[in-house]
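Written out below as structure tokens is the structure these notes cover.
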Protein chains: 2
Amino acid sequence: MAARRSSPPARRSGAGPRPSGRKAQGRGGPRPGAGGSGRSLPRGNREAQEKAIVEAAERVFAGAGFGGATMAEIATAAGLPKPNLHYYFGSKRALYRAVLERTLREWLEPADCIVAKADPREALEGYIREKMRLSFTCPYASRVWANELLHGAPELRTTLVRTLRPLVRRKAAVLDRWIAEGRMAALDSKQLFFTIWAATQTYADFAVQICAVLGVEKLDQRAQERATEHVVGLILRGCGLAGTRSSRRK
Amino acid sequence: MAARRSSPPARRSGAGPRPSGRKAQGRGGPRPGAGGSGRSLPRGNREAQEKAIVEAAERVFAGAGFGGATMAEIATAAGLPKPNLHYYFGSKRALYRAVLERTLREWLEPADCIVAKADPREALEGYIREKMRLSFTCPYASRVWANELLHGAPELRTTLVRTLRPLVRRKAAVLDRWIAEGRMAALDSKQLFFTIWAATQTYADFAVQICAVLGVEKLDQRAQERATEHVVGLILRGCGLAGTRSSRRK
DNA sequence: CAGTCAATTGACCAAATGGTCAAAAGTGGG
DNA sequence: CCCACTTTTGACCATTTGGTCAATTGACTG
């Protein structure tokens, strides 16, 4: 755990005067190792590499959690040698944080449609549909996020308080106004967000369970639409916003 | 009585011809080892020990996932030396499975109240309330389960298909009958289960997020009741079961 | 072409971890 | 008290894993 290494990616700066134990000496076998190698990816610039690494990391972290994922696995998934990940991100934790930050953006964005001047039903329906769409199209991001929360959010507890909380406060205020104006049922607006998040992201986070119960290998277009209509319908009705027109498709 | 050993702790199954590497041996010397010791726990019988281990494991697995949890940590949490865990469960995976199996029972039980002869509103309300209660009282179990699903359910995919699926099929049939009889709104009964699970368990799985957004350290009795009334109200309304009487408290 | 700096990579290492052993302690019967 | 059997432990080990380095390659400039 030494090497705190808070320094940014490259920033190699002067030659690390690391005391380096360096006791070493040849282990028993020289280990041919090496083997193959041969470059494979048409490396692009720094940005492209970082993106490739973060995307690979997202998949691996989503599939095994922070503790279960290994840098070697991520490196393989990204098609790069392991030291490369450290070159760009410094440490496993730093890479993990990068993945989480990327996820946060996707997480907050959909709420943009909830504004005072919008129509309550349209705004909420749009929000739910967008959340459902993201659950189906970007399940990895949702899972990484879920995994982090599940384990107590060790990396982003402060982010939750500093970013998510204010956002929810603002959006909840909008809902409260709609409620006060009698435009939707009276309910706890913050809790409503929790329910919407849960109901929509369950299709990304717990997809295996849903597929197992439905007896399918994977949710096809048709099943995704069914699920979306169900969630939209149930929640809108729960909010007293049951549009007369069921608003087929988006 | 040899019978004692009925419960096959390490699955050693008879003369398990475990291929066990059984490599070398003859360590340096006999190693005096066995120094002080000083027992600490008033050990009970086999059953009590296993229970203590599983409970400790549940907490640790919930907090770090399968990959992030370590046997040493679980041993410490259980107040036992590490080899003890292996003596009773054989391996980390086996212990993990034991935890999951324990969780499964809690998971399925609450659905018992959903039977054809029951009143739709009362049955669903009771189910949701029980799920909420479990989320608040046994968050660890829910988190272990969630973590397993999140990572693709490598250990219990078959259990999902063989146990959960049939159960949902039966319960969904009950709901479908109620729907056909016009006793509740027409909706996809299986999807309804997904939504109920998600909406209720989010209070266990993602408690940190909820606490962060609400700006509290922990959900107290009052907050738990608020959350419960919210979920019950929203879903019942969504199912067209809005009891005229809001059914305060249970 | 030499010089400089970013990017790349194979080889290693120290620490952590799942798992194993053999030597104790109990425990109960004869 | 001896014997057979179950439990309990401290000490270890093989392997995995995050992380580091020195050396090398590539691109761009003067």
Side-chain angles (χ1 to χ4, degrees), chain A residues 1-5 9-13 15-27 29-41 43-50 66-75 79-96, chain B residues 1-7 9-10 12 18 20-41 43-46 48-50 66-75 79-96:
Chain A
M1 53 226 17
R4 219 6 161 309
R5 184 47 107 257
R11 210 20 75 313
R12 204 56 128 307
S13 86
R18 282 242 100 219
S20 80
R22 218 81 167 96
K23 57 258 318 286
Q25 61 82 11
R27 186 39 114 261
R31 255 283 70 211
S37 85
R39 61 246 292 349
S40 41
L41 285 198
R43 71 280 331 272
N45 55 20
R46 180 175 46 266
E47 231 167 274
Q49 292 289 57
E50 286 183 3
F66 178 78
T70 71
M71 292 298 272
E73 206 177 342
I74 296 172
L80 294 169
K82 196 174 55 158
N84 232 315
L85 312 198
H86 285 93
Y87 177 73
Y88 283 110
F89 293 90
S91 74
K92 186 183 181 185
R93 265 185 62 176
L95 174 55
Y96 182 61
Chain B
M1 279 319 239
R4 235 103 177 38
R5 189 37 167 283
S6 67
S7 115
R12 236 27 156 231
R18 281 236 102 230
S20 79
R22 210 73 160 104
K23 57 253 335 231
Q25 61 78 32
R27 181 107 60 273
R31 265 286 76 209
S37 77
R39 61 248 290 349
S40 42
L41 283 200
R43 70 278 334 265
N45 54 24
R46 177 176 48 268
Q49 291 287 58
E50 285 182 3
F66 178 78
T70 72
M71 292 299 271
E73 205 177 343
I74 296 172
L80 295 168
K82 195 174 58 161
N84 232 311
L85 312 197
H86 284 94
Y87 177 73
Y88 284 110
F89 293 91
S91 73
K92 187 183 180 185
R93 265 185 63 174
L95 173 56
Y96 182 61

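Since the model is a prediction, treat every value here as computed from it, not as a measurement. In what follows, every chain begins at residue 1, and chains take the letters A, B, ... in the order their sequences are listed.
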Could you check which of D:dG10, D:dT7, D:dT17 has an atom nearest any side-chain atom of A:Thr70?
-> D:dT17
Rounded to the Å, how far apart are A:Lys82 NZ and C:dG10 C1'?
-> 11 Å
Interatomic distance, A:Lys82 atom NZ to A:Met71 atom CE [nearest 0.5 angstrom] | 8.0 Å
If only side-chain N and O atoms of A:Asn84 are considered, is one of them under 4.0 Å from the OP1 or OP2 phosphate oxygen of C:dT9?
-> yes
Sugar-phosphate, base or nothing in reach of A:Ala69, heavy atoms under 4.0 Å | sugar-phosphate
Looking at every strand, decide which applies to B:Ala94 at a 4.0 Å heavy-atom threshold: base, sugar-phosphate, or nothing.
-> nothing
NE2 of A:His86 versus P of D:dT17: gap in Å, rounded?
-> 13 Å
Tell whether A:Lys92 reaches the base of D:dG19 with its side chain through a donor-acceptor pair below 3.5 angstrom.
-> no
Touch class at under 4.0 angstrom, heavy-atom based, for B:Pro83 against every strand present | base
Residue-phosphate contact under 4.0 Å: A:Tyr87 side-chain N/O, C:dT8 OP1/OP2 | no
Nearest heavy-atom approach of B:His86 to B:Ser91 is CD2-CA, 4.1 Å
Over how many whole Å does the gap from A:Glu47 atom CD to C:dA7 atom C1' extend?
-> 15 Å
Length of the line joining A:Met71:CE and C:dT9:P, which is rounded to integer Å | 15 Å
Separation of C:dG18 atom P from B:Ile74 atom CD1, nearest Å, is 8 Å
Side-chain N or O of A:Gln49 closer than 4.0 Å to phosphate OP1/OP2 of C:dT8 | yes
Specify the separation, in whole Å, of atom CG of B:Leu85 and atom P of C:dG18.
-> 10 Å
Interatomic distance where CZ belongs to A:Phe89 and P belongs to D:dG19 [whole Å] | 14 Å
Roughly how many Å is it from CZ in A:Phe66 to C1' in D:dT17, rounded to a whole number?
-> 12 Å
Heavy-atom closest contact (A:Leu80 atom, A:Gln49 atom, distance) = CD2-NE2, 3.9 Å
